[in-house]
Amino acid sequence: MNKRIVSFFFLLLFTGSIYAAIDITDLRTELLKSPEGIDVRQPRLSWRIESDEQNVIQTAYHILVASSPELLEQGKGDIWDSGKIESDASQWITYQGKTLKRNASYYWKVKIDTNKGATNWSAPAFWTTGLFNEADWQGQWIGLDRAAPGDSETQWSRLAARYLRKEFALKKGVKRATVHIAGMGLYELFINGQRIGNQVLAPAPTDYRKTILYNTYDVTSLLQAENAMGVTLGNGRFYTMRQNYKPYKIPTFGYPKLRLNLIVEYADGSKETIATNTSWKLTTEGPIRSNNEYDGEEYDARKELGDWTQTGYDDKDWMQAQRVSIPSGTLRAQMMPGMKVTETLKPVSIKKLGSKYILDIGQNMAGWVRFRIKGQAGDSIRLRFAESLQDNGELYTRNFRDARST
């Protein structure tokens, strides 16, 4: 009987130790999960405590920051070893290590003491730095500082997308490659035919008189001996939706423009930067004939450019990109998640109404319609958007005022 009681007692102890397990999760740098390209020299670190037991209180923490995953795995904080800090703080812990370098990677982990015991080291997290100031950037702002044939700078402005491309060769083995891109007003970036990143409508809008945002991407896996980069530039809110219309109320900031640095670190320790300059090629004769957040987009599939984001493309009819005016805002890293596609919806109903169809998505949403077309070159499809229907089944668009949303 006594042996059974002792065995049961040890079983309770063993079970209690399982439920008292304490984990450290959700490591964040500047409240972002393993962010790419931050421009803060003393980032703030945070983590979360998880436990099945109540009233678990942190009493101390120990942070390691290393220059490589291997050193971090070995428990060597060659960039910062905080030592044991008596504190219950787990949010906004300011980095106090060596001066951070531009365009560099840092790896970190943390362990804590609590009133219920100490934890193991957390799983590792990382952050990378971007370019801290103007002196860190190379190259120029490029684009076309004028309207193109077919554009219209009126109350209902039309400005075709600008397409820019550059081919380049790499002669040595690549260890790491990072691209920093500011595409005003909106951009899509391609390398060797692959779209970079999952952001849409990037970068985030700002008051461009004060701040211009750039994004950072690790593109190491996409590079090869011969390479091509392509960028589509749209207007966004930089080249405003209404030109020569209430300028006191709706400012415009210039024509779309691009600044890009691709920093390649070779296996032998050397580095090379491919930057925007007048050696890039540009055309406005692509399929996006107009893009306007109020009025919509016009897309002419007959003008599609083919494999323009891949090597060997014939761009002899493209013009040289121009060095363009410098934006007045300060170039800063985008320190927040970008917009991205989060869900795909199908219409809940499709009804014929006279010579058109009404597609009901079932909810208000922001996004794009994806559809297939059977037709001949020169046929046109016209899509209009609205938030609700009139009693007669037609779109209700009075609340759009003069926005065409088409």
Side-chain angles (χ1 to χ4, degrees), residues 140-165 181-188 200-213 230-260 276 278 280-305 308 315 317-329 331 366 368 380-385 397 399-406:
Q140 306 159 347
W141 284 96
I142 62 172
L144 180 67
D145 263 351
R146 59 177 172 81
D151 293 342
S152 173
E153 300 186 278
T154 62
Q155 177 178 340
W156 288 275
S157 61
R158 286 173 45 92
L159 197 75
R162 283 97 198 279
Y163 298 83
L164 298 101
R165 71 183 307 272
I181 177 173
M184 296 290 106
L186 304 173
Y187 73 86
E188 287 186 343
V200 299
L201 303 179
T206 62
D207 182 343
Y208 302 110
R209 294 166 294 193
K210 299 179 180 179
T211 307
I212 300 290
L213 297 180
V231 178
T232 306
L233 284 183
N235 304 324
R237 301 182 184 186
F238 191 79
Y239 179 87
T240 187
M241 292 78 74
R242 293 287 182 264
Q243 295 291 320
N244 301 319
Y245 176 72
K246 299 183 179 179
Y248 61 91
K249 182 179 181 182
I250 309 174
T252 190
F253 306 94
Y255 294 97
K257 56 195 63 183
L258 172 68
R259 196 171 192 186
L260 179 151
T276 43
T278 55
W280 285 58
K281 302 295 286 290
L282 178 148
T283 186
T284 60
E285 292 301 316
I288 300 176
R289 307 312 305 150
S290 176
N291 58 107
N292 181 311
E293 288 188 24
Y294 287 166
D295 299 327
E297 179 177 290
E298 294 181 25
Y299 187 92
D300 188 341
R302 297 169 297 181
K303 298 178 75 68
E304 288 179 350
L305 297 171
W308 68 280
D315 58 11
D317 293 331
W318 292 33
M319 69 182 77
Q320 296 297 131
Q322 299 177 358
R323 185 174 183 177
V324 296
S325 59
I326 300 172
S328 59
L331 200 50
W368 290 265
S380 62
I381 306 292
R382 186 167 181 261
L383 301 176
R384 295 213 67 201
F385 300 88
T397 58
N399 57 323
F400 290 174
R401 292 175 289 182
D402 65 4
R404 291 171 173 170
S405 194
T406 302

*Trp318 vs Trp308 aromatic rings, parallel, tilted or perpendicular, using cut-offs 30° and 60°?*
tilted
*Run the numbers on Arg242 and Asn292 for side chain to side chain contact (heavy atoms under 4.5 Å, CB included), then give the verdict.*
CA-CA 9 Å; Arg242 293 287 182 264; Asn292 181 311; 4.1 Å; yes
*salt bridge (Lys or Arg N to Asp or Glu O under 4.0 Å) with Arg323: which residues, sequence neighbours excluded?*
none
*Going through the checks in order, is the side chain to side chain contact (heavy atoms under 4.5 Å, CB included) test met by Leu260 and Ile142?*
CA-CA 9 Å; Leu260 179 151; Ile142 62 172; over 6 Å; no
*Would you sort out whether Phe253 and Asp207 count as a side chain to side chain contact (heavy atoms under 4.5 Å, CB included), showing the intermediate values?*
CA-CA 9 Å; Phe253 306 94; Asp207 182 343; 4.3 Å; yes
*asked:* Between Thr240 and Tyr245, does the side chain to side chain contact (heavy atoms under 4.5 Å, CB included) criterion hold? Intermediate values first, please.
replied: CA-CA 10 Å; Thr240 187; Tyr245 176 72; over 6 Å; no
*Are Asp315 and Tyr163 side-chain neighbours, meaning at least one heavy-atom pair lies under 4.5 Å?*
no
*Any chance CD1 of Ile250 has more than 12 other-residue heavy atoms, nucleotides or ligands included, within less than 6.0 Å?*
yes
*How close do Ala147 and Leu159 get, heavy atom to heavy atom, and via which atoms?*
CA-CD1, 4.2 Å
*Just wondering, are more than 12 heavy atoms of other shown residues or ligands nearer than 6.0 Å to CZ in Phe400?*
yes
*For Tyr187, check ring pair (Phe, Tyr, Trp, His ring centres under 6.0 Å) against everything at least two apart and list the hits.*
none
*Where is the tightest heavy-atom contact between Arg259 and Gln140, given as atom of each residue plus distance?*
CG-O, 3.9 Å
*Return the minimal non-hydrogen interatomic distance between Gln322 and Asp145, and the atom names on each side.*
OE1-N, 3.9 Å
